[in-house]
Amino acid sequence: MDFRYTPEEEALRREFDNFFKEEMKHAPPEWGTSMEAIFGLDECWKFHKQMAKKLAAKGWLSLPWPREYGGQDASLLQQFIFSDVMGYHRGAGVDHWGITLLAPTLLVSANEEQKKEHLPPIARAELFWTQLWSEPGAGSDLAALTTRAVRSRNEYIVNGQKIWSSGAHRADWGFLLARTNPEEKRSRGLSFFLVDMRTPGITVRPVLSMDGSHLFNEVFLDDVRIPARNMVGEENQGWVASQMTSNFERSMIALFAYLRRELEELLEFCRETKRDGRLLAENIFVRHKLAQMEIEINVGRAFSYSVLWGQIKGGLVMAAPLAAAAKILATEMVQRFTATACEIIGTYAQVKESRWSPLKGRYEKEYQQCRGLSMAGGTSEVMRNLICAMGLGLPRSW
Ligand SMILES: Cc1cc2nc3c(=O)[nH]c(=O)nc-3n(C[C@H](O)[C@H](O)[C@H](O)COP(=O)(O)OP(=O)(O)OC[C@H]3O[C@@H](n4cnc5c(N)ncnc54)[C@H](O)[C@@H]3O)c2cc1C
């Protein structure tokens, strides 16, 4: 199999690479790829927004969208190359919720007026979005949600509570799932709305993570009035649109590229650092752990290519079981990697301020923050259920 890019694709890869290499030199010292840093720290958020503007000016936030909505008509492979390079450089500027989740949903499910109103501002990095789906009693079982939207003339009046809303304290707009028909069972009574986060009745309260960082929020909706024209798709058909949202995004190449960079930096550390008079790079246990990471990252990268291939050949829904497998592989791989890095570095991995701790507790922080990756956007267990039902053809078990 030949994985080489064509000369045009290679030129594009180089253009992305040069851009991120240069621009990421200006990142704040606390910058990582973690969502916690982006949304929790003012300096990182400012940098993220500046980078978004630069990416927007190049048209790279909206590569595969049609031109009429601010896109570039690029191929899935070109988008893949962008994500690959961005992941490696821990690149800033892509609003995961607006660009990766909402925009493709709007392209499929929104009406013409909604596409024209909402897609161009996302492509120009003028508005940032948050996802208002999970509730205290509805996570994996999202169809159990109880937030209620009642029609009143040209608007809906919404009451309820959302939780785990990433970056809601920074967002301009949110995409919301609410129950419009309580008579219908579960997913059949839900609708999908777009809501301006400045609408009266919306209260955003922080939920701090175990390391003290601020990514999550609770969002309370008290008599929030949403214009009826902000409903995406038909009333009570919101589940269909939400399934589209869940099916996008998914080769996981950015995470495997990020791991490649992490491994390179860990190797450098092991080549330079001595324990008990010997370089870590000479220790047989350390060497084997590094070799194992090398194997897994290569497997992951190859798997990402196969997801891309599946999406190009069979479409996003056909490739869903492959994408679910890639998500499990990538997110659990990050967790294994950070655990391995902490083990290699030993107790100094946890020390933030000491001359004996040149990495300043970096891997310990990443170890804590990456726990959420295998839950966000569907837990590993839910992904395995999907593989069983859609990939292996087993009967549904829930
Ligand atoms: C980093 C991060 C970011 C997030 N951002 C957002 C956001 O921006 N907006 C938003 O709306 N939500 C967000 N979420 C919430 C996320 O969607 C939920 O955490 C996820 O759907 C799981 O729901 P839950 O936490 O209620 O766990 P539960 O659904 O209560 O699950 C608890 C455990 O039971 C297991 N389980 C549940 N059902 C099954 C089943 N059928 N089969 C096998 N095992 C099962 C789960 O795998 C899990 O281990 C985020 C979560 C994280 C961690």
Side-chain angles (χ1 to χ4, degrees), residues 32-40 94-102 105 128-147 158 160-179 186-187 190 192-195 197 202 204-211 213-221 238-239 241-243 245-250 252 255 324 327-328 330-332 334-335 338 365-390 392 394-398:
T33 41
S34 82
M35 295 292 177
E36 283 80 354
I38 297 174
F39 293 106
V94 176
D95 171 24
H96 174 68
W97 285 272
I99 289 159
T100 321
L101 298 182
L102 178 66
T105 310
F128 289 77
W129 288 76
T130 191
Q131 181 182 17
L132 304 169
W133 286 13
S134 302
E135 297 183 2
S140 303
D141 187 13
L142 190 60
L145 66 85
T146 57
T147 291
V158 182
Q161 184 200 340
K162 297 293 171 177
I163 195 165
W164 313 126
S165 317
S166 303
H169 56 301
R170 305 282 192 186
D172 305 293
W173 278 69
F175 50 100
L176 167 85
L177 275 180
R179 188 165 297 284
R186 296 176 54 81
S187 62
L190 304 180
F192 191 113
F193 295 97
L194 308 176
V195 57
M197 291 298 283
I202 297 183
V204 179
R205 288 200 199 138
V207 177
L208 299 187
S209 302
M210 63 180 169
D211 67 348
S213 56
H214 182 189
L215 165 66
F216 297 123
N217 301 276
E218 296 177 293
V219 176
F220 296 88
L221 303 136
W239 190 253
S242 77
Q243 293 308 290
T245 313
S246 313
N247 267 328
F248 286 106
E249 127 185 69
R250 299 280 175 144
M252 290 289 148
L255 217 44
K327 186 186 183 262
I328 296 172
T331 55
E332 296 187 358
V334 176
Q335 292 166 357
T338 52
K365 199 169 182 59
E366 288 180 12
Y367 177 88
Q368 289 194 45
Q369 293 183 337
C370 72
R371 298 291 106 194
L373 289 177
S374 53
M375 300 173 217
T379 65
S380 288
E381 291 75 23
V382 168
M383 293 295 121
R384 287 191 175 94
N385 285 345
L386 189 152
I387 294 167
C388 290
M390 289 181 71
L392 302 177
L394 298 176
R396 282 173 74 99
S397 61
W398 71 99

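Ligands are counted one by one from 1 in listed order, and the atoms in each one are counted from 1 as well.
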Undergrad: Which atoms of ligand 1 are found less than 4.0 Å from any heavy atom of Thr379?
TA: 22 (C), 46 (C), 47 (O)
Undergrad: For Met375, counting its heavy atoms only, list the atoms of ligand 1 lying under 4.0 Å from any of them.
TA: 20 (C), 53 (C)
Undergrad: Where the closest heavy atom to atom 2 (C) of ligand 1 is concerned, which of Trp164, Trp97, Phe175, Phe216 has it?
TA: Phe216
Undergrad: Is Lys327 reaching over with its side chain to a backbone N or O of Thr379, donor-acceptor style, under 3.5 angstrom?
TA: no
Undergrad: Determine, considering heavy atoms only, which of Gln369, Glu381, Glu36, Glu135 sits nearest to atom 47 (O) of ligand 1.
TA: Glu381
Undergrad: So is Ser134 polar-close to ligand 1, meaning N/O to N/O under 3.5 Å?
TA: yes
Undergrad: Cation-pi check for Phe220 against Arg205: NZ or CZ below 6.0 Å from the six-membered ring centre and within 45 degrees of the axis, yes or no?
TA: yes
Undergrad: Not counting sequence neighbours, which residues clear ring-ring contact (aromatic ring centres under 6.0 Å, His included) with Phe216? List them please.
TA: Trp164
Undergrad: Heavy-atom contacts under 4.0 Å between Asn385 and ligand 1: side chain, backbone, both, or neither?
TA: side chain
Undergrad: Which of the atoms of ligand 1 are close to Trp133, meaning less than 4.0 Å from one of its heavy atoms?
TA: 11 (O)
Undergrad: Of the choices Gly139, Ser380, Pro136, which has the non-hydrogen atom that lies closest to atom 24 (P) of ligand 1?
TA: Gly139
Undergrad: Using a strict cut-off of 4.0 Å, indicate which atoms of ligand 1 neighbour a heavy atom of Ser166.
TA: 3 (C), 4 (C), 5 (N), 6 (C), 7 (C), 8 (O)
Undergrad: Which of these, Ser209, Gly372, Cys370, has its nearest heavy atom closest to atom 53 (C) of ligand 1?
TA: Gly372
Undergrad: Please confirm whether the backbone N or O of Ala144 pairs with a side-chain atom of Arg179, one donor and one acceptor, at under 3.5 Å?
TA: no
Undergrad: So, Ser209 versus Glu36: side-chain donor-acceptor pair below 3.5 Å or not?
TA: no
Undergrad: Using a strict 4.0 Å cut-off to heavy atoms of Ser140, name the atoms of ligand 1 that fall inside it.
TA: 21 (O), 22 (C), 23 (O), 28 (P), 29 (O), 31 (O), 37 (C), 38 (N)
Undergrad: Would the number of heavy atoms belonging to other residues, nucleotides or ligands and lying under 6.0 Å from OH of Tyr367 be above 12?
TA: no
Undergrad: Could you pull out the closest heavy-atom pair between Arg371 and Thr338, with the gap in Å?
TA: NH2-OG1, 4.5 Å
Undergrad: Please work out which of the three classes, parallel, tilted or perpendicular, describes the rings of Trp173 and Trp129, given edges at 30° and 60°.
TA: tilted
